[in-house]
Number of protein chains: 2
Amino acid sequence: MTIGALGQATGVGAETIRYYERIELLPQPARTSGGYRVYRPEHVRRLNFIRRSRELGLSIEAVRELLSLASDRLRPCARVDRLVRDHIHDLDHKIESLQKLRGALQRLADSCRGGGRVSECRILEALQEAEETLAGPAIECGQEDCQERRASEKQPKPRRERRA
Amino acid sequence: MTIGALGQATGVGAETIRYYERIELLPQPARTSGGYRVYRPEHVRRLNFIRRSRELGLSIEAVRELLSLASDRLRPCARVDRLVRDHIHDLDHKIESLQKLRGALQRLADSCRGGGRVSECRILEALQEAEETLAGPAIECGQEDCQERRASEKQPKPRRERRA
DNA sequence: CTAGACCTTGTAGCCACTACAGGGTCAAGC
DNA sequence: GCTTGACCCTGTAGTGGCTACAAGGTCTAG
């Protein structure tokens, strides 16, 4: 089957398939004499595996590891379990973050009924002014290595005060 | 104040500040004779506004619009209200999506206790096989223009069947 | 043989930064 | 005035996970 047929079979676009090949998530397929990629049923299975994992929000690297784990049938599957549980944990953090954000925004929105002028808009005021009223520790992050980017105690070295 | 001092005052890194200037979210500041950027208190206010908005998950473009709206004090603030409410709506979608993902992953993880071998791992089986058991409509998206990328009824034109 | 659907490679773009290289500036202390 | 070294400058490239395009080549029904 051609790349287009593989795409139809799996619901993955041809450009994405080529991308997966480039990053070595999919093996290089055979080629026709004219250079077309020729795929086989095992490619369909592998790509479906990838697609489902991605739909579950696993990163490409996680998928890569799962694929590698899956290739050794005798290996204990504890690592697989761990990987999935870690991702659930990440999701919990992310969901919690978003819920906090939502709460803050809702409080913001509730302070405004949209009828006034910008000059007395509570939303804009809140964004301009107080520090503590909104947005607790919730920062939308996206990456896992999100730790303490808001580490305000980070003072590299006490320079010889060049004040403001 | 220099860019470093502005960064300290707002909790935004110097490289990010330069980035904001480049995309015209911050106005170009004055310069010293040596070329250093010189910031003033209004820059601190504007950058704090930006930072808080970003912490609430608003996109750069949304922040840009808020800033533009805020500059005209006589304008009705309905648009501000709308912008924030739209974002809350987006967050609701995103949270719901993530919760569905989490459910699917939890079901996956529950089918495995991590004690067996890869060859009988239910997680890997589930990823390899059935279509309906997992992952309903939940795809993590990130962008707002996320509509129907999984639109499986997208059939561009009926080619003269080059079957698989 | 032609039409045109499909494929090829390569490159650039998306978001919101972040990191670096290679150099220049500034002020404190001598 | 000179050294030191923290700080700043510009420009470019990288992140993740694709997506879009351009310019061309291949394949097959009719």
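In this text, all values refer to a predicted model and were calculated from it rather than measured experimentally.
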Engineer: Once you round it to whole Å, what is the distance between P of D:dG17 and CD1 of A:Ile17?
Structural biologist: 18 Å
Engineer: In whole angstrom, give the distance that lies between atom CD of B:Glu55 and atom C1' of C:dC17.
Structural biologist: 15 Å
Engineer: When the distance from CG of A:Leu6 to P of C:dC7 is rounded to whole Å, what number comes out?
Structural biologist: 10 Å
Engineer: When hydrophobic residues are tied together by side-chain contacts of less than 4.5 Å, even through go-betweens, does A:Ile23 share a cluster with A:Leu47?
Structural biologist: yes
Engineer: Between B:Thr32 and B:Ile60, which has a closest nucleotide on DNA chain C that is more 5'?
Structural biologist: B:Ile60
Engineer: Counting distance only, does the side-chain N/O of A:Arg122 pair as donor-acceptor with the main-chain N or O of A:Asp110 below 3.5 Å?
Structural biologist: no
Engineer: Starting at CD1 of A:Ile3 and ending at P of D:dT26, how long is that distance when rounded to a whole Å?
Structural biologist: 17 Å
Engineer: Can you check whether B:Thr2 has a side-chain N or O nearer than 4.0 Å to OP1 or OP2 of D:dC8?
Structural biologist: yes
Engineer: Rounded to the nearest angstrom, tell me the gap between atom NZ in B:Lys94 and atom C1' in C:dC15.
Structural biologist: 11 Å
Engineer: What is the distance from OH of A:Tyr39 to P of C:dT8, rounded to the nearest Å?
Structural biologist: 7 Å
Engineer: Are B:Thr16 and C:dC17 close enough that a side-chain N or O sits under 4.0 Å from OP1 or OP2?
Structural biologist: no
Engineer: Could I get a table of every N or O pair under 3.5 Å where one atom is in the protein and the other is in nucleotides 9-11 of chain C?
Structural biologist:
from: C:dT9; atom 1: OP1; to: A:Arg31; atom 2: NH1; distance (Å): 3.2
from: C:dT9; atom 1: OP1; to: A:Arg31; atom 2: NH2; distance (Å): 3.0
from: C:dT9; atom 1: OP2; to: A:Arg37; atom 2: NH1; distance (Å): 2.9
from: C:dT9; atom 1: OP2; to: A:Arg37; atom 2: NH2; distance (Å): 2.7

Engineer: Between D:dG11 atom C1' and B:Ile23 atom CD1, what is the distance in whole Å?
Structural biologist: 17 Å
Engineer: Let me know the distance between CD of B:Glu24 and P of C:dC17, rounded to the nearest Å.
Structural biologist: 16 Å
Engineer: With no angle test and no hydrogens, is the base of D:dG25 tied to the side chain of A:Tyr36 by a donor-acceptor pair under 3.5 Å?
Structural biologist: yes
Engineer: Working to the nearest 0.5 angstrom, can you tell me the gap between B:Arg102 CZ and A:Lys94 NZ?
Structural biologist: 14.5 Å
Engineer: Within the side chain of A:His87, is there an N or O that forms a donor-acceptor pair under 3.5 Å with the backbone of B:Leu105?
Structural biologist: no
Engineer: So does B:Cys121 get a backbone contact from the side chain of B:Arg117, meaning a donor-acceptor N/O pair under 3.5 Å?
Structural biologist: no
Engineer: Assess the side chains of A:Arg45 and A:Asn48: does a donor N or O sit below 3.5 Å from an acceptor N or O?
Structural biologist: no
Engineer: Does CD in A:Gln28 sit with more than 12 non-hydrogen atoms of other residues, nucleotides or ligands closer than 6.0 Å?
Structural biologist: no
Engineer: Choosing from C:dA16, C:dC17, D:dC18, which nucleotide comes nearest the side chain of A:Arg54?
Structural biologist: D:dC18
Engineer: Please confirm whether the backbone N or O of B:Pro29 pairs with a side-chain atom of B:Arg40, one donor and one acceptor, at under 3.5 Å?
Structural biologist: no
Engineer: On DNA chain D, does the nearest nucleotide to A:Tyr20 precede the nearest nucleotide to A:Ser33 from the 5' side, or the other way round? Give the residue.
Structural biologist: A:Tyr20
Engineer: For the helix from C:dC1-D:dG30 to C:dC30-D:dG1, what is the angle between the axes at its two ends, each from 5 pairs, rounded to 10°?
Structural biologist: 20°
Engineer: Considering residues, nucleotides and ligands other than B:Glu24, do more than 12 of their heavy atoms fall under 6.0 Å from its CD?
Structural biologist: no
